[in-house]
Q: 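Got a structure here, written out as structure tokens. Questions coming.
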Amino acid sequence: MADRSSFIAGGESLAQTQASYLTTLLERNSDIAFGQKHDFAGVADPVAYRDIPFMRYDEVAGFDSADYWSTPANYTKDRVSAWFLTSGSSSTPKRIPVTSSLVREKAGAFSLFWDAIYADHPALKTGKFIANFGDSGHSARDANNILEVSETTFWNQRMQGFQASDRWPIPRQSTASESPALRYYAAARLALQGELHGMMGLNPSTLLKFCEVLTNESDRLTSGLKTGNWGILELDTTELPEKLTSRLQSNASAADRLTAAASRGGKLQLPDLWPTLELIISWQSALVGPYLKLLREHSGGIAYRDYITQSSECIMAIPMSDNDCGGLLAYQTHFYEFIPEAQTEASHPSALCAHELTPGEQYELVVTTGGGLYRYRTADCMRVVGFENGIPHLSFQYRLGRTSSITGEKLTEAQVLDALASVAAGSPLIRQDVFVHPRTGERPHYALLTAGSNLKSGTQDADLALLADRFHSALCAANGEYADKCASLRLGKPSVVIVQDQDIQALHQKLRAAHVGDDQYKPGVLRREHDLDNGMTILRQAHANS
């Protein structure tokens with residue numbers, strides 16, 4: 001993979017680079033089952049490639065998708081060394097095959113990402129960094145002894161050697177605890193005892209929780225820094241590996257900085273704790289805007305860098321500068337096509353190559369990768385911000401279909417409907433005009449929004465809280481990512497918000513106006529807009545207790 005300068009310069013031959021990648025990949029896989037079925041050998045160029053049907057995870061032309069992925073010979077000549085588990089669009093996780101080719105492709109993109117960071121922040125190349133400490137690191141093996149793991153854990157394990165060095169004050173063992181509170185506390189204690197130049201948490205909610213621990217546990221952390229131990233902690237630190245405890249050091253100066261920062265009142269400022277801190281890396285899209293806004297209240301003038309736009313299936317865009325959203329299409333990594341947003345629900349949508357895009361337009365990204373994906377519809381809608389030397393600058397907008405994601409949970413309409421159905425019996429509310437939407441604030445969460453007329457006479461606040469509890473439990477059962485984000489304290493538990501009837505009626509009118517006619521109006525239940533209740537008259541509200 002090239003460095004940043006040569007990558008951007010290579011944009012002049014983007015179309016040729018993409019065509020060359022596609023030709024090489026198809027030639028290598030022409031005799032796999034999918035390649036034979038769809039005549040890879042007869043594909044002369046990207047235009048001819050459009051004759052091959054699009055693929056989705058649960059829809060593979062000419063094959064039974066239930067069995068397709070479990071047989072690697074269907075889609076790759078490589079050995080499948082692992083499965084990336086991701087919640088996808090259903091409560092049943094997708095198992096994305098991890099091949100040596102996919103690992104090489106992604107590793108090359110990561111290398112370019114870090115090259116751009118080191119070019120702009122030379123101190124980070126040899127400085128200290130904390131990263132991705134909120135993941136508990138679970139992994140398992142399937143019946144064939146192949147690793148099943150989240151992508152974050154996969155790469156963290158491969159980075160273990162680096163994280164054991166002095167540059168990474170929080171080693172992988174810090175994720176061993178099942179207690180999110182203990183993991184965050186351990187990360188804070190270890191990070192505070194030395195200098196820090198950069199921090200990364202893909203979800204800004206992870207870094208915000210880190211700041212909350214620094215604030216709320218400042219006295220205990222100060223004690224630990226002075227004495228060289230964990231500090232007087234109510235949590236059981238015996239759950240932490242001895243290797244972590246052996247890393248503890250005293251640092252009186254760090255203790256004094258923390259005491260001074262905490263005594264100033266207001267939001268604790270990260271630069272006050274680590275004067276050398278110069279970069280925070282996390283997602284910057286509008287979907288995580290509520291967390292970013294709160295995180296920036298702690299970060300002073302520290303620069304932000306978006307993380308690589310990617311999924312378990314592929315790399316999409318690579319950020320090249322600070323304080324920007326999205327990045328340049330990773331045109332050297334995979335082969336990319338784009339379905340115009342207006343055609344995403346068409347029976348036979350057309351697709352464009354990367355050099356055929358229009359600035360300001362939005363497209364569904366379609367990828368072909370060394371991981372066995374061919375014309376794979378990602379359901380990720382990207383906006384073309386512009387071009388840099390012929391390379392599209394992309395910014396992630398939303399997931400197609402009725403979905404919502406505050407911090408990576410990818411909640412779907414189907415999951416919300418199932419959850420509502422499971423708690424409907426005996427509920428004083430769930431009859432009509434119910435919306436579920438993200439709500440911002442100190443602890444972003446989902447709100448169940450409905451009108452006062454849906455309340456049964458005599459309903460108490462305790463009844464609303466119980467409804468929120470049951471709704472939360474049902475969502476946890478339907479979506480593992482949602483349960484994980486709540487367990488790790490990155491996502492708050494639901495609230496029930498009761499507003500005036502006319503407010504719900506006005507919302508329907510607003511939504512209906514966006515459709516061609518009343519017969520096209522399908523309001524659904526799940527909305528991705530934040531704070532849908534803003535401007536409404538709130539009669540009552542209650543939060544889940546469990």
Q: Would you call Asp484 and Arg490 a salt bridge, using N to O less than 4.0 angstrom?
A: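 Yes, Asp484 and Arg490 are salt-bridged.
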
Q: Test Glu442 against every option in Lys293, Lys209, Lys267 by the salt bridge (charged side-chain N to carboxylate O under 4.0 Å, His left out) rule and name the one that passes.
A: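 Considering Lys293, Lys209, Lys267, a salt bridge (charged side-chain N to carboxylate O under 4.0 Å, His left out) with Glu442 is found only for Lys267.
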
Q: For His445 and His543, I'd like to know if the aromatic rings sit close, meaning centre-to-centre distance below 6.0 Å.
A: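 Yes, the ring of His445 comes within the 6.0 Å limit of the ring of His543, centre to centre.
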
Q: Rounded at 0.5 Å granularity, tell me how far OG1 in Thr403 sits from CZ in Arg527.
A: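 One finds 11.5 Å between OG1 of Thr403 and CZ of Arg527.
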
Q: I'd like to check Glu529 versus Leu532 (side-chain heavy atoms, cut-off strictly below 4.5 Å). Are they in contact?
A: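 Yes, close enough: below the 4.5 Å cut-off.
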
Q: Less than 4.5 Å apart, any side-chain heavy atom of Gln415 and any of Tyr482?
A: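 Gln415 does not reach Tyr482 side chain to side chain.
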
Q: How long is the gap from OG on Ser405 to CD on Glu481, to the nearest 0.5 Å?
A: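 Answer for the OG-CD pair, Ser405 versus Glu481, is 8.5 Å.
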
Q: Which value, rounded to the nearest 0.5 Å, describes the distance between Asn145 atom CG and Glu148 atom CD?
A: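 Answer for the CG-CD pair, Asn145 versus Glu148, is 10.5 Å.
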
Q: List the residues meeting ring-ring contact (aromatic ring centres under 6.0 Å, His included) with His393, not counting sequence neighbours, and say none if there are none.
A: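 Here no residue qualifies.
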
Q: If you compare all heavy atoms of Leu207 against all heavy atoms of Met199, which two are closest, and at what distance to 0.1 Å?
A: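 Distance-wise, the nearest heavy atoms are CD2-SD, 4.1 Å.
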
Q: Is the distance from the ring center of Tyr446 to that of His472 below 6.0 Å?
A: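 Not close enough - the centres of the two rings lie 6.0 Å or further apart.
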
Q: Are Phe84 and Trp155 an aromatic pair, judged by ring center distance below 6.0 Å?
A: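 No - the distance between ring centres of Trp155 and Phe84 does not fall below the 6.0 Å cut-off.
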
Q: Please answer whether the main-chain N or O of Val98 pairs with a side-chain N or O of Ser81 as donor and acceptor at a distance below 3.5 Å.
A: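 A pair under 3.5 Å: yes.
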
Q: Between Arg296 and Tyr304, is NZ or CZ placed under 6.0 angstrom from the six-membered ring centre and within 45° of the ring axis?
A: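 Pair Arg296/Tyr304 counts as cation-pi.
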
Q: Check Arg189 against Leu225 and note the closest heavy-atom contact, atom names and distance.
A: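 For Arg189 and Leu225, the tightest heavy-atom pair comes out as NH1-CD2, 3.4 Å.
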
Q: If you measure from CH2 on Trp114 to NZ on Lys125, what distance do you get to the nearest 0.5 Å?
A: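 If we round to the nearest 0.5 Å, Trp114:CH2 and Lys125:NZ are 12.5 Å apart.
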
Q: So does Asp115 pair up with Arg4, basic N to acidic O under 4.0 Å?
A: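 Judged by the 4.0 Å cut-off on N to carboxylate O distance, Asp115 and Arg4 do not form a salt bridge.
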
Q: Is the shortest side-chain N to carboxylate O distance from Arg439 to Asp533 below 4.0 Å?
A: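 Salt bridge present between Arg439 and Asp533.
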
Q: Is the shortest side-chain heavy-atom distance between Ser111 and Asp3 below 4.5 Å?
A: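 Contact flag for Ser111/Asp3 side chains = no.
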
